[in-house]
Participant: 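What follows is a structure written as structure tokens; I'll ask about it next.
This is a predicted model, so every value here is computed, not measured. We count ligands from 1, going down the list as the structure has it; atoms in each ligand are counted the same way.
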Amino acid sequence: MLAQRPPMGWNTWNTFGKDINEELVMQTADAMVEKGYLAAGYEYLVIDDCWSLPERDADGNIVPDPEKFPHGMKYVADYVHSKGLKFGMYSCAGTRTCAGYPSSYAHEYRDARMFAEIGIDFLKYDFCYFPQHGDCKHAYITMSMALKSTGREILFSACNWGKEEPWNWMRSVGAHMYRSTGDINDTFVSYKDILDSQIDKFAMSAPGCFNDIDMLICGMYGKGFVSFNNGGCNDEEYKSHFALWCLFGAPLMIGGDIRNMNDLTRELLQNKELIAIDQDEECRPPFEVHSNHWFDADTRKFVKHLSGNEYVLAIFNTCPAERKLELSFDAIGVTTESGCGFELRDIFSGEEMTRFDNLYVDVPPHGVRMFRAKLISK
Ligand code: GAL
């Protein structure tokens, strides 16, 4: 079964946009292995938009741009596979890709055969230039069937930015993940808004088909295609971005330049505890604690049930100032008369504590405090 857990990998788009080529892809494949990303679980290397010539050839086939990919795509796919990685590519349900290249509307079976011959394991399928009277669901089920018809196992990564509430039907057309929002950019507001829009949509994100809240921006520091050359996020913000994606069990597709990540970013992206939370076998979305108290403005609080009777408690401070924040145990179902509390371990500092009387901690500006927890009785 594909996508038993949220898919993990790397995608060219966030940093490189149209500036992609064989060398970049092969160097990144090397770096994914040598720098420990594959061992940490990042197995898909995906080429996004802008890989082809601007027009199909006389036979109707999409042709890889020979300047960018002088040895063709099979050569690249074979190299990626030789490293023990899986290889992904990109097309679009409309008549053109978002960057204006030929795409698969009314060519689904032809293109699926070409992708299978190249040897892809993953197809990202976008939604630009979709005909005005086209049927979105039909477009996605058609490419899903076209991929199936090739007989090759190809993870189908649908990307229609949340159009027609994909959380209600993408699973049924055979997609293995579906983008539920517009594009992320390298700012705190961007990832916070994306998360806010999906907090109550994760019930349908489960083995076989996951809600994809877009690729990671960790370590971009304002450089690249979805940045504004303004320095990007700070380290605390990258930390909460990654931790929250893991808390929600979202697909983890790295968008930074894997070849040149600093140690902090590499350690964050390879944090075993966070990845284990993302990949937990029960794949449960976190439960959000709602509170109308004025003090809780600009705060998100969650408990996530993990397998093995463990939990994650998380407090996210969306305010640009440090605050002392409280997570009420009663609000997450551990009432005062229960006599129960939690043994807690801070996922970032390793600090351990036992609490029977709520969690009350300092949370950095735009930061998240996250604890692995065991339920105990007095
Ligand atoms: C957008 C998509 C991005 C990227 C881009 C390529 O529609 O959401 O993730 O694939 O197209 O042009």
Side-chain angles (χ1 to χ4, degrees), residues 6-21 24-25 28 42 44-55 62 64-65 68-69 73 87-105 111 115 120 122-132 134 136 139-140 143 154-167 170 175-187 190-191 193-195 197-198 201 210-218 220 223-228 232 241 245 250-258:
M8 295 172 65
W10 175 82
N11 176 300
T12 52
W13 184 254
N14 279 5
T15 295
F16 299 100
K18 63 179 180 0
D19 298 324
I20 52 172
N21 57 47
L24 166 71
V25 172
T28 302
Y42 297 94
Y44 289 99
L45 185 160
V46 181
I47 298 181
D48 207 281
D49 204 348
C50 308
W51 56 266
S52 80
L53 285 176
E55 299 301 334
I62 307 184
D65 183 333
K68 294 177 177 173
F69 299 98
M73 272 309 180
F87 183 56
M89 287 181 71
Y90 165 102
S91 187
C92 182
T95 52
R96 291 267 155 191
T97 72
C98 299
Y101 292 86
S103 79
S104 299
Y105 182 79
D111 292 351
F115 285 128
I120 68 164
F122 181 114
L123 181 72
K124 176 170 170 181
Y125 203 50
D126 216 335
F127 198 55
C128 280
Y129 296 101
F130 193 68
Q132 223 180 354
C136 166
Y140 280 90
M143 185 47 106
I154 298 173
L155 190 151
F156 187 33
S157 167
C159 175
N160 81 340
W161 326 302
K163 292 270 183 309
E164 299 194 24
E165 306 190 329
W167 39 90
M170 275 296 189
H176 299 99
M177 56 195 261
Y178 54 88
R179 271 276 300 285
S180 50
T181 72
D183 290 13
I184 199 165
N185 61 56
D186 188 7
T187 62
S190 169
Y191 79 74
D193 286 354
I194 283 178
L195 191 79
S197 79
Q198 293 304 302
K201 307 274 187 325
F210 290 92
N211 187 337
D212 171 11
I213 44 179
D214 209 354
M215 299 167 287
L216 299 162
I217 49 171
C218 302
M220 292 184 63
K223 295 191 207 82
F225 217 70
V226 299
S227 293
F228 307 110
H241 165 45
W245 260 228
L252 300 176
M253 300 300 289
I254 298 172
D257 183 354
I258 286 214

Participant: Pairwise, report which nitrogen or oxygen atoms of ligand 1 are under 3.5 angstrom from protein nitrogen or oxygen atoms, and how far apart they are.
Facilitator:
from: ligand 1; atom 1: 7 (O); to: D126; atom 2: OD1; distance (Å): 3.0
from: ligand 1; atom 1: 7 (O); to: D126; atom 2: OD2; distance (Å): 2.9
from: ligand 1; atom 1: 7 (O); to: W161; atom 2: NE1; distance (Å): 3.0
from: ligand 1; atom 1: 8 (O); to: W161; atom 2: NE1; distance (Å): 3.2
from: ligand 1; atom 1: 8 (O); to: R179; atom 2: NH1; distance (Å): 3.3
from: ligand 1; atom 1: 8 (O); to: R179; atom 2: NH2; distance (Å): 3.1
from: ligand 1; atom 1: 8 (O); to: D183; atom 2: OD1; distance (Å): 2.5
from: ligand 1; atom 1: 9 (O); to: K124; atom 2: NZ; distance (Å): 2.8
from: ligand 1; atom 1: 9 (O); to: R179; atom 2: NH1; distance (Å): 3.1
from: ligand 1; atom 1: 10 (O); to: D48; atom 2: OD1; distance (Å): 2.6
from: ligand 1; atom 1: 10 (O); to: D48; atom 2: OD2; distance (Å): 3.3
from: ligand 1; atom 1: 10 (O); to: K124; atom 2: NZ; distance (Å): 3.0
from: ligand 1; atom 1: 10 (O); to: D126; atom 2: OD2; distance (Å): 3.4
from: ligand 1; atom 1: 11 (O); to: D126; atom 2: OD2; distance (Å): 2.8
from: ligand 1; atom 1: 12 (O); to: D49; atom 2: OD2; distance (Å): 2.7

Participant: Looking only at side-chain N and O atoms, does S91 offer a donor or acceptor that is under 3.5 Å from a partner on S104?
Facilitator: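 Their side chains do contain a donor-acceptor pair, which is all the 3.5 Å distance test asks for.
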
Participant: Working to the nearest 0.5 Å, report the span between CG of L195 and CD1 of I213.
Facilitator: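 It is 5.5 Å, given to the nearest 0.5 Å.
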
Participant: Hey, could you give me the CZ/CG distance between F225 and D186, rounded to the nearest 0.5 Å?
Facilitator: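 Reported to 0.5 Å precision, the distance equals 14.0 Å.
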
Participant: Side chains of D49 and Y101: any donor to acceptor distance under 3.5 Å?
Facilitator: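 Checked: Y101/D49 side chains show no N/O donor-acceptor pair below 3.5 Å.
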
Participant: Is a side-chain donor or acceptor of W10 paired with a backbone partner of Y42 at a separation under 3.5 angstrom?
Facilitator: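 No, the answer is negative, given that no donor and acceptor are paired below the 3.5 Å cut-off.
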
Participant: Distance-only, no hydrogens or angles: does the T97 side chain make a donor-acceptor pair with backbone N or O of C92 under 3.5 Å?
Facilitator: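 Such a contact is absent between T97 side chain and C92 backbone.
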
